[in-house]
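Report on the following structure.
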Amino acid sequence: MDGETALKIGVLALQGDFQEHETILTSLGVDVREVRLPEQLDGLDGLILPGGESTTFGKLAVTFGLLEPLRSLARSLPMWGTCGGLVFMAKKVGFDQPIMGVLDVVVERNAFGRQVDSFEQDINVRGIEGGPFHGVFIRAPVVRQVGPAVEVLCALQDGRIVAVRQGSLMGTSFHPELTDDPRIHKYFLKIVSEKKG
Ligand code: GLN
């Protein structure tokens, strides 16, 4: 990246589509590390929590002793959750499952109903230039409430919130890692670089 030392980005690799994130990050010149154990969190510049089943992330994070380290790191380390990753980062999800509880949002899981589990839609995301982004929604959550420090980056036409940012924490209901458009990954890397200084 710009001839400087590559950013070191961890991808939580407990379950879900972490490899797709890794492919995009690698193409952007990032030094990528899969994270399954607490010691693999050391020395990262940022962390991505991929799409998958948030209940499974929660259980495995408890089993591997990752939940507390993740919670305390979220105070300083930029993190981005996609879909199940966003659910895992939220403060409240309405289900009894282990969550990080670091992003000040209330999330509704599987919010688009069973029949319409998955859909794709072009969306406008604040801070993302160059036209609409192709949003891939797979049994996606929506953000029902946001705290005062949370900026809404994207809401659908009906007002449902699908992308948020709180300082250097970010969450998207959709899956940029399942497209070949790297703009949201680049946006996250910008947050990471700014934080790194
Ligand atoms: N439905 C999943 C959950 O609530 C998220 C699905 C996904 O990441 N594609 O945890």
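For this chain, numbers begin at 1 and follow the sequence in order. Counting starts at 1 for both ligands and their atoms, in listed order.
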Next item on the list: Please determine if Arg36 forms a cation-pi arrangement with Phe18, meaning its NZ or CZ atom is less than 6.0 Å from the six-membered ring centre and no more than 45° off the ring axis.
Entry: yes

Margin query: Tell me whether the NZ or CZ atom of Arg109 lies within the 45° cone about the ring axis of Phe95 and under 6.0 Å from its centre.
Written below: yes

Margin query: Using a 4.0 Å cutoff against the non-hydrogen atoms of Gly51, which atoms of ligand 1 qualify?
Written below: 8 (O)

Next item on the list: Please could you name the atoms of ligand 1 that Gly52 approaches to less than 4.0 Å, counting only its heavy atoms?
Entry: 2 (C), 5 (C), 6 (C), 7 (C), 8 (O), 10 (O)

Check: Can a salt bridge be assigned to the pair Asp45 and Lys196 using a cut-off of 4.0 Å between side-chain N and carboxylate O?
Finding: yes

Margin query: Looking at Gly51, is its backbone amide N or carbonyl O close enough to the side chain of Asp17 to form a donor-acceptor pair, meaning the two atoms are under 3.5 Å apart?
Written below: yes

Margin query: For atom 1 (N) of ligand 1, what is the closest protein heavy atom, and at what distance to 0.1 Å?
Written below: Asn110 OD1, 2.6 Å

Note to self: Among Leu178, Ile138, Asp17, which one puts a heavy atom closest to atom 9 (N) of ligand 1?
What the structure shows: Ile138

Next item on the list: Measure from atom 4 (O) of ligand 1 to every heavy atom in Arg139, His175, Arg109 and give the option owning the shortest one.
Entry: Arg109

Item checked: Polar contact flag for Thr82 and ligand 1 (N/O pairs, less than 3.5 Å) -> no

Checklist line | Cys83 N/O under 3.5 Å from ligand 1 N/O | finding: no

Show me the side-chain donor-acceptor pairs of residues 152-163 shorter than 3.5 Å, one per line, residues at least two apart or across chains.
residue	atom	partner	partner atom	Å
Asp158	OD1	Arg160	N	3.0
Asp158	OD2	Arg160	NE	3.0
Asp158	OD2	Arg160	NH2	3.3

Next item on the list: Look at atom NZ of Lys186 and say whether more than 12 heavy atoms of other residues, nucleotides or ligands are closer to it than 6.0 Å.
Entry: no

